[in-house]
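Keep in mind it's a predicted model, so treat the numbers as computed, not measured.
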Amino acid sequence: MNKMVLVAGGAGYIGSHTTVELINAGYDVVVVDNFSNSDASSLEGIRKITGVEPKFIEADCADKEAMRKVFEAYDFQSVIHFAAYKAVGESVAEPLKYYHNNLVSFVNILELMAEYGRSNVLFSSSATVYGDAEELPVTERTERKPATSPYGNTKQMSEDILRDTVRANSAMHGIALRYFNPIGAHPSALIGELPRGVPNNLVPYITQTAAGVRECLSIFGDDYPTPDDSCLRDYIDIVDLARAHVVAINRMVEGRTKESYEVFNIGTGRPVSVFELVRGFENANNLKLNYRVAERRAGDVTAVWADTTLANEELGWCAERRLEDTLKAAWAWEKAVRGL
């Protein structure tokens, strides 16, 4: 059994936590990253948490010849693709940047896997593929709606590319994990979400506001048809999400896949409103946030959360960490970063 895994984008937020869980599960990890949206300090955090220094190559996954050198240097059978840009607003303003990086990096990996006879591909997808779903919670059989951003479109297109590729190549297997809203940090506070510039995600904006980096948190809209008038989302702890990657890799490595291409929702199955998350952070950390209600943000859907039955039953995975603990970990990480 080949226990070596290439983690493309492994120095990023989700990639670094997944690398930790892979190492803890006995995998030999090769990390590739170009630090375009990550920081080298995460590699030191991985080492401190696991006691293992992951193999690392600084390279751009959109550079095929650079990636060819990685394939020639290491005999991994499994690849996880995290090497995508992920800011919705930026993708609207700079669509070609997103189409080039997100699609070319993935196609390069798939082409090299076929060329070098590598078997297992795990793709980092997103609940954004469901759009504004008509029925909730969404299952893996829920119809994908037309993407509302180039970012979302790259996720849909990459899923299709993976599906078609593994169906055409009998030696390959692919799994797409559709994440909902990853939040939090490792309980050690040695790795976490480290956005560059203004955060695109809610929890880093909350923690930066609490730390005084941001003057005020904006809540986009309080006129949604929900119990407290704010959007509903499925917030999943980053460590729970990372564990899902390990069980998905195990499934392919151990030959337990039922189809050449499989899709799983990775969430908690519990909707949490924006106001509920803000209050939860305040209560968990015994502090008050300065926030205001702003106009709705274009592209935000009213509600989306997961039906995780398939992942629970087929992968044997479920979300375990309590929201309170997740929000405490997020604040501990922010304080560590700021030296508070």
Open item on the list: Side chains of R118 and V79, heavy atoms from C-beta outward: is any pair under 4.5 Å?
Closed with: no

TODO: Report yes or no: do S105 and N101 form a side-chain donor-acceptor pair below 3.5 Å?
DONE: no

Task: Flag, side chain of E53 to backbone of R47, donor-acceptor distance under 3.5 Å - done: no

Open item on the list: Can you classify the ring geometry of F71 versus Y116 as parallel (below 30°), tilted (30 to 60°) or perpendicular (above 60°)?
Closed with: tilted

Task: E282 and R279: CA distance, side-chain angles, deciding distance, salt bridge (Lys or Arg N to Asp or Glu O under 4.0 Å) verdict - done: CA-CA 5 Å; E282 290 178 328; R279 290 193 300 270; over 6 Å; no

Task: Cluster link V52 to Y74, ILVMFWY, side chain under 4.5 Å - done: no

Task: Atom of L22, atom of I80 and distance for their closest heavy-atom approach - done: CD1-CD1, 3.9 Å

- [ ] Report yes or no: do I249 and F264 belong to one cluster of Ile/Leu/Val/Met/Phe/Trp/Tyr joined by side chain heavy-atom distances under 4.5 Å?
- [x] yes

- [ ] Measure the OG-CG distance between S42 and L190 for me, rounded to the nearest 0.5 Å.
- [x] 11.5 Å

Open item on the list: Is it true that, when you exclude N286 itself, more than 12 heavy atoms of the residues, nucleotides or ligands shown sit nearer than 6.0 Å to its CG?
Closed with: no

Open item on the list: With rounding to the nearest 0.5 angstrom, report the NE2 to CD1 distance, H186 to I46.
Closed with: 10.0 Å

TODO: Could you tell me how the ring of F281 sits relative to the ring of W331: parallel (under 30°), tilted (30 to 60°) or perpendicular (over 60°)?
DONE: perpendicular

TODO: Considering only NZ, NE, NH1 and NH2 on the basic side and carboxylate oxygens on the acidic side, decide whether R68 and E72 come within less than 4.0 Å.
DONE: no

TODO: Would you indicate whether the side-chain heavy atoms of P195 and N201 approach each other to under 4.5 Å?
DONE: no

Task: Crowding at CD, E115 (>12 non-hydrogen neighbours, <6.0 Å) - done: yes

Task: Any side-chain heavy-atom pair of I14 and P182 under 4.5 Å - done: yes

- [ ] Output, in order, the C-alpha distance, side-chain angles, deciding distance and verdict of side chain to side chain contact (heavy atoms under 4.5 Å, CB included) for W305 and L136.
- [x] CA-CA 7 Å; W305 69 92; L136 294 168; 3.5 Å; yes

- [ ] With sequence neighbours left out, write down each residue that passes side-chain contact (heavy atoms from CB on, under 4.5 Å) with A330, or none if nothing qualifies.
- [x] V203, T207

- [ ] Kindly indicate whether the side chain of Y261, heavy atoms from C-beta on, has any atom under 4.5 Å from the side chain of F123.
- [x] no

Task: Test item: side-chain donor near acceptor, E90 and Y151, under 3.5 Å - done: no

Task: Evaluation steps, salt bridge (Lys or Arg N to Asp or Glu O under 4.0 Å), between R167 and D164 - done: CA-CA 5 Å; R167 287 179 179 173; D164 294 345; 5.2 Å; no

Open item on the list: What verdict does the side chain to side chain contact (heavy atoms under 4.5 Å, CB included) test give for L194 and Y13, after you've listed the backbone C-alpha separation in whole Å, the side-chain angles of each residue and the deciding distance to 0.1 Å?
Closed with: CA-CA 7 Å; L194 193 62; Y13 176 44; over 6 Å; no

Open item on the list: Between Y98 and N153, is the side-chain hydrogen bond (donor to acceptor under 3.5 Å, both in side chains) condition met? List the steps.
Closed with: CA-CA 10 Å; Y98 274 68; N153 204 22; over 6 Å; no

Open item on the list: Between M172 and I175, is there shared hydrophobic-cluster membership here, with clusters defined by ILVMFWY side-chain heavy atoms closer than 4.5 Å?
Closed with: no

- [ ] Taking N290 for its side chain and E215 for its backbone only, find out whether a donor-acceptor pair lies under 3.5 Å.
- [x] yes

Task: Nearest non-hydrogen partners of D234 and A306, listed with the distance - done: OD2-N, 3.1 Å

Task: Any donor-acceptor pair under 3.5 Å from D60 side chain to A62 backbone - done: yes

Task: Side-chain heavy atoms of T309 within contact of T139, under 4.5 Å - done: no

- [ ] Give the minimum heavy-atom separation between L217 and I206, together with the two atoms involved.
- [x] CD2-CG1, 3.7 Å

Open item on the list: Quick test of your reading of the model: are D160 and R163 salt-bridged, counting only N-O distances below 4.0 Å?
Closed with: yes

Task: N-O pairing of E276 and R270 below 4.0 Å - done: yes

Open item on the list: Is it true that Y179 and S124 share a donor-acceptor pair across their side chains at a distance under 3.5 Å?
Closed with: yes

Task: T226 (side chain) donor-acceptor with S230 (main chain) under 3.5 angstrom - done: yes

- [ ] Show your reasoning for whether side chain to side chain contact (heavy atoms under 4.5 Å, CB included) applies to M4 and S78.
- [x] CA-CA 7 Å; M4 181 176 283; S78 304; over 6 Å; no

- [ ] Step through it carefully: locate the ring centre of F56, locate the ring centre of F35, and say whether they are under 6.0 Å apart.
- [x] yes

Task: Verify same cluster id: V301, F220 (apolar side-chain graph, 4.5 Å) - done: no

Open item on the list: Test of understanding: clusters of I, L, V, M, F, W, Y form through side-chain heavy atoms closer than 4.5 Å, transitively. Do L310 and V138 belong to the same one?
Closed with: no

- [ ] Taking the side chain as every heavy atom from C-beta outward, state whether D33 and E58 have any atom pair closer than 4.5 Å.
- [x] no

- [ ] Rounded to the nearest 0.5 Å, what's the gap from CZ on F180 to CG on N265? Could you check?
- [x] 4.0 Å

Open item on the list: So, applying salt bridge (charged side-chain N to carboxylate O under 4.0 Å, His left out) with D237, which one of R321, R322, K328 is it?
Closed with: R321

Open item on the list: Pairing donors with acceptors under 3.5 angstrom, does anything connect the side chains of S126 and R178?
Closed with: no

Open item on the list: Set out, in order, the CA-CA distance, both residues' side-chain angles and the distance that settles side chain to side chain contact (heavy atoms under 4.5 Å, CB included) for V32 and C61, then state yes or no.
Closed with: CA-CA 8 Å; V32 172; C61 293; 4.0 Å; yes

TODO: Drop me the distance from I109's CD1 to T165's OG1, to the nearest 0.5 angstrom.
DONE: 12.0 Å

Open item on the list: Restricting to non-hydrogen atoms, name the atom on A84 and the atom on K155 that form the minimum distance, rounded to 0.1 Å.
Closed with: CB-NZ, 4.1 Å

Task: Atom of H81, atom of N102 and distance for their closest heavy-atom approach - done: CE1-O, 4.3 Å

Task: Nearest-0.5 Å distance that lies between atom CZ in R296 and atom OH in Y224 - done: 4.5 Å

Task: Short side-chain to backbone donor-acceptor contact, S149 and G152, under 3.5 Å - done: yes

Task: Ring-ring centroid check H245 F82, cutoff 6.0 Å - done: yes

- [ ] Would you check if F76 and Y27 make a side-chain contact, meaning some heavy-atom pair closer than 4.5 Å?
- [x] no

Task: Residues, nucleotides or ligands: over 12 heavy atoms within 6.0 Å of E254 CD - done: yes

Task: Between CZ on residue R256 and CG on residue L315, distance to nearest 0.5 Å - done: 8.0 Å

- [ ] State whether the side chain of T18 and the backbone N or O of G15 hold a donor-acceptor pair below 3.5 Å, judged by distance alone.
- [x] no

Task: Heavy atoms of other groups near K69 NZ, more than 12 under 6.0 Å - done: no

Task: Shortest non-hydrogen separation from G45 to I191 and the atoms involved - done: CA-CG2, 3.9 Å

Open item on the list: Measuring only between side-chain heavy atoms, which start at C-beta, is E94 closer than 4.5 Å to Y85?
Closed with: no

- [ ] Could you tell me whether the side chain of D28 and the main chain of K3 form a donor-acceptor pair under 3.5 Å?
- [x] no

Open item on the list: With a 4.0 Å cut-off on N to O distance, would you call D132 and K145 a salt bridge?
Closed with: no

